[in-house]
Chemist: 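Just passing along the structure, written as structure tokens.
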Amino acid sequence: MSLVKEDLDVEVLLNSFSSLGVDCFFGSDAQEFMVSKDSNVRYYQMVHEQAAVHAADGYARATGRPGVVLLTSASGITNGVTGIATAFSDSVPLVIIAGHLEQHDPLKKEALQEIVISGLTMAITKHAFKIKAINGLKDVIKKAITIAASGRPGPVLIELTTDTTIKDVPIQRQSPTKVNKTILEKSINAARDLIENARKPVLFVGGGVIASGAADDLREFVQRSRIPVVSSLLGIGSVETGNPFYLGMLGMHGTFAANKAVHHADLLICIGVRFSDRVTGRISGFSPKSKKIHVDIDPAEINKIISVDLPVVSDAKQFIQKIKNNLDYQQINRNAEIWTNEVVEWKRTVPRFDKSNSLLKPQSVIRLMSDYSNQDTIVVTDVGQHQIWTAHHYAFTKPRTLITSGGLGTMGYGLPAAIGAAAAHPGKSVICVSGDGSFQMNIQELITIVKYQLSIKIAILNNGYLGMVRQWQELFYQGRYSAVKMISPEFAQLAQAYGIKGFKAQTEEEARQMIPEAFQRTGPVLLEFNVLEEENVYPMVPPNQNNHQTILSR
């Protein structure tokens, strides 16, 4: 099966990509075209369409540039929908090129393998184009890349049809968002007054800070203002984990210090966040004593979930650059000194929440991998307990070094997204942290890693359960387990069958010997860690509770 085989000139496509700065793209096993060895554009052929979209997503998160993916029609599109929705939920720039197989009007004749593509993807794309493959392809790809990356990033669809004209298909979110400079200046002044007079300020930063490239400016702002910082899951890496003013992740699985600081704050400065339910806890109890500044490039997000006192429609980097040069830092330090010292002490003296009876603690595995990695290592996770353990215990120091599915919580995301990250940065180390449940959802992509000999270190925390679901059933349903017990292959042996070196550890001593040996190897490696079956992720805020009502252990 080919992607508009008769219409799509591969050289035109590759030349279009190359001239627009696209250095690689992704597709599935269904595409049958060859990329010339002389081309400076690389093509990664995945086994499954969902994985192809996740790989483009991983590329985009690792680089900040739109990932490009080619999908065939019908089942290729439906297979890719999960990946498109994942990117849409986390505001990741993608360009999806998809099209029909035949030259006639297939939809009217109910041809094999055809579907209304734009209609199916309308709710999970930012914009869509319909175009005949040979007419104006380069211009449309250029527009699609611009729209995908500008304003609030997101997926853009290019549908290749038999029409002879280019059509814009209106979708719910258009870009770029136009920021009114006069209103922004007034908002900056109002924000300055609130920040300078606050006694208990807290910065809450999300994925928008990383997407806008604002991490360096944010770090300077934090260092000069000494305002404590918390982050969402997707905001991890905005500030170094070791920064004394960084309190960790906020929300259901947030740290004790982060949740307590936000609960007692009198000013919450929220930048590039969307207040998901996993962050806020019970909305009526979210930071109840604080005035709130909300900075977001998408005006639809402001006052959508949390009512704020000062809405600011702005790119995160633009706001931070403007505000950090217009503050009286001596006044801020003087007003908030007692608060800052108290909050930093909470971080230092917090009760430990990682106690374990396991011979091999999952927390220890993450810390060991962190110790044997360099600062440029990209860590990609699937979704589940291992994701939260990674967020808490891996020492992230740079933006775009944690790649994970946030809003959609897509199991099966990790392995293909790691392929995208490795394709984006061939010289960097990539670690894929997964669980025995998530890993089996796109396990077929092991052969893709072998095919391209990507230097990805796959770490599977095997506890024999869908761990996060089991934890909820234990804590909130009196241990009545249902459909959570996992049956898995011997992952290390399975890796060997694919041609990947496999390791297995059941004790911390074995892990300490195994990790440095595995990490020194070039090429792909799989590490299986058998951890205690019923280990729980802590801290945890029970559902429909306030964030300061944290369970630290059981």
Chemist: Any donor and acceptor pair, going by atom type alone, linking the side chain of Asn79 with main-chain N or O of Ser75 inside 3.5 Å?
Modeler: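 Yes; at least one donor-acceptor contact below 3.5 Å.
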Chemist: Within the 3.5 Å criterion, strictly below it, is a donor on Thr86 or Ser405 matched to an acceptor on the partner's side chain?
Modeler: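 Note: Thr86 and Ser405 side chains miss the donor-acceptor criterion.
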Chemist: Do the side chain of Ser370 and the main chain of Ile366 share a donor and acceptor less than 3.5 angstrom apart?
Modeler: no
Chemist: Look at Arg367 together with Asp371 and state whether they make a salt bridge at an N to O cut-off of under 4.0 Å.
Modeler: no
Chemist: Identify whether NZ of Lys or CZ of Arg in Lys317 sits under 6.0 Å from the centre of the six-membered ring of Phe319 and within 45° of that ring's axis.
Modeler: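 No; the conditions do not both hold, so Lys317 does not lie above the ring face of Phe319.
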Chemist: Side-chain donor-acceptor pairs under 3.5 Å in residues 429-436, sequence neighbours left out?
Modeler:
| from | atom 1 | to | atom 2 | distance (Å) |
| --- | --- | --- | --- | --- |
| Ser434 | OG | Asp382 | OD2 | 2.7 |
| Ser434 | OG | Phe439 | N | 3.3 |
| Asp436 | OD2 | Gly464 | N | 2.9 |

Chemist: Between Glu490 and Lys504, is the closest basic N to carboxylate O distance under 4.0 Å?
Modeler: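 Result for this pair is yes, salt bridge flagged.
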Chemist: Please check if the side chain of Asp309 supplies one atom and the backbone of Lys292 the other of a donor-acceptor pair under 3.5 Å.
Modeler: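 Yes; at least one donor-acceptor contact below 3.5 Å.
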Chemist: Show your reasoning for whether side chain to side chain contact (heavy atoms under 4.5 Å, CB included) applies to Thr397 and Gln375.
Modeler: CA-CA 6 Å; Thr397 60; Gln375 293 184 350; 3.5 Å; yes
Chemist: With no hydrogens and no angle check, is any side-chain donor or acceptor of Ser232 less than 3.5 Å from a backbone partner on Gly235?
Modeler: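 Yes, the answer is positive, given that a donor and an acceptor are paired below the 3.5 Å cut-off.
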Chemist: Using side chain to side chain contact (heavy atoms under 4.5 Å, CB included), reason through Thr550 and Asn547 one step at a time and then give a plain yes or no.
Modeler: CA-CA 6 Å; Thr550 303; Asn547 280 345; 5.8 Å; no
Chemist: Determine yes or no for a side-chain-to-main-chain donor-acceptor pair under 3.5 angstrom, with His425 supplying the side chain and Ala62 the backbone.
Modeler: yes
Chemist: Is the backbone N or O of Arg282 less than 3.5 Å from a side-chain atom of Asn544, with the two atoms forming a donor-acceptor pair by type?
Modeler: no
Chemist: Under a 3.5 Å threshold, yes or no: a donor from one side chain and an acceptor from the other, between Lys457 and Ser455?
Modeler: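 Looking only at side-chain atoms, Ser455 and Lys457 do form a donor-acceptor pair, the distance falling under 3.5 Å.
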Chemist: Does His294 reach the side chain of Cys270, with side-chain heavy atoms less than 4.5 Å apart?
Modeler: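 Result yes, sub-4.5 Å side-chain heavy-atom pair found.
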Chemist: Mind checking the CG-CG spacing from Leu461 to Asn530? Nearest 0.5 Å is all I need.
Modeler: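 With rounding to 0.5 Å, CG (Leu461) is 10.0 Å from CG (Asn530).
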Chemist: I'd like to check the side-chain contact (heavy atoms from CB on, under 4.5 Å) partners of Thr280; sequence neighbours left out, ordered by chain and number.
Modeler: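 Listed in chain order: Phe275, Ile283, Phe286, Ile306.
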Chemist: Could you tell me if Thr404 and Gln387 have a donor-acceptor pair between their side chains, going purely by distance under 3.5 Å?
Modeler: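 Result is yes, a qualifying pair exists.
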Chemist: Does Ser287 offer a backbone N or O that forms a donor-acceptor pair with the side chain of Lys289 under 3.5 Å?
Modeler: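 Between the backbone of Ser287 and the side chain of Lys289 there is no qualifying donor-acceptor contact (under 3.5 Å).
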Chemist: Less than 4.0 Å between a side-chain N and a carboxylate O, is that true for Lys361 and Glu508?
Modeler: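 Salt bridge absent between Glu508 and Lys361.
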Chemist: Please find the pair of heavy atoms, one from Gln440 and one from Ser488, that lie closest to each other, and give the distance.
Modeler: NE2-OG, 3.1 Å
Chemist: Show the nearest heavy-atom pair for residues Asn259 and Gly251, with the distance to one decimal.
Modeler: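 Scanning both residues, the minimum pair turns out to be OD1-N, 2.9 Å.
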Chemist: Using only heavy-atom distances, determine whether the side chains of Glu528 and Asn462 contain a donor-acceptor pair under 3.5 Å.
Modeler: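 A pair is found: one side chain offers a donor N or O, the other an acceptor, under 3.5 Å apart.
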Chemist: Check whether the side chains of Gln473 and Tyr465 place a donor and an acceptor atom closer than 3.5 Å, and report yes or no.
Modeler: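 Distance-only check fails for Gln473 and Tyr465.
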Chemist: Do the rings of His264 and Trp346 sit parallel, tilted or perpendicular, given the 30° and 60° boundaries?
Modeler: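 Plane angle between 30° and 60°, so tilted.
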Chemist: Asn546 side chain to Gln549 main-chain N or O, any donor-acceptor pair under 3.5 Å?
Modeler: no
Chemist: Should Arg152 and Asp296 count as an ion pair when the cut-off is N to O under 4.0 Å?
Modeler: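 Between Asp296 and Arg152 there is no salt bridge, as every charged N stays at least 4.0 Å from the carboxylate O atoms.
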Chemist: Does Arg512 pair with Glu509 as a salt bridge, N-O distance under 4.0 Å?
Modeler: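 Salt bridge between Arg512 and Glu509, a charged N being under 4.0 Å from a carboxylate O: no.
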Chemist: Is there a donor-acceptor contact under 3.5 Å from the side chain of Asp266 to the main chain of Arg199?
Modeler: yes
Chemist: Strictly by modelled atom types, are Gln444 and Asn442 linked by a side-chain donor-acceptor pair under 3.5 Å?
Modeler: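 The answer is yes; a qualifying pair exists.
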Chemist: Is a side-chain donor-acceptor pair under 3.5 Å present for Glu535 with Gln385?
Modeler: no
Chemist: Start with the C-alpha gap between Tyr481 and Glu534, add the side-chain angles, then the distance that decides, and say whether side chain to side chain donor-acceptor pair (under 3.5 Å) holds.
Modeler: CA-CA 11 Å; Tyr481 293 172; Glu534 296 185 277; 2.4 Å; yes
Chemist: Would Leu527 and Ile458 count as a side chain to side chain contact (heavy atoms under 4.5 Å, CB included) if you check the C-alpha gap in whole Å, the side-chain angles of each, and the deciding distance to 0.1 Å?
Modeler: CA-CA 6 Å; Leu527 304 91; Ile458 304 162; 5.9 Å; no
Chemist: For Val229 versus Val222, what's the shortest heavy-atom pair and its separation?
Modeler: CG2-CG2, 3.4 Å
Chemist: Side chains of Thr340 and Arg226: donor-acceptor distance under 3.5 Å anywhere?
Modeler: no
Chemist: Please check this pair: side chain of Asn303 against backbone of Val308, looking for a donor-acceptor N/O pair closer than 3.5 Å.
Modeler: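 Present.
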Chemist: Do Tyr246 and Ser231 have side-chain N/O donor and acceptor atoms under 3.5 Å apart?
Modeler: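 Tyr246 vs Ser231: donor-acceptor pair found between side chains.
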Chemist: If you measure only the distance, is there a donor-acceptor pair under 3.5 Å linking the side chains of Asn536 and Glu474?
Modeler: yes
Chemist: Run the numbers on Leu360 and Leu532 for side chain to side chain contact (heavy atoms under 4.5 Å, CB included), then give the verdict.
Modeler: CA-CA 7 Å; Leu360 181 55; Leu532 186 70; over 6 Å; no
Chemist: Using a strict threshold of under 4.0 Å (side-chain N to carboxylate O), is an ion pair present between Lys485 and Glu533?
Modeler: yes
Chemist: I'd like to check Val383 versus Leu408 (side-chain heavy atoms, cut-off strictly below 4.5 Å). Are they in contact?
Modeler: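 Val383 does not reach Leu408 side chain to side chain.
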Chemist: Once you measure the plane-to-plane angle for Trp472 and Phe476, does it fall in the parallel (<30°), tilted (30-60°) or perpendicular (>60°) bin?
Modeler: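 Ring orientation, 0 to 90° scale: perpendicular.
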Chemist: Tyr44 and Phe26: aromatic ring centres closer than 6.0 Å?
Modeler: yes
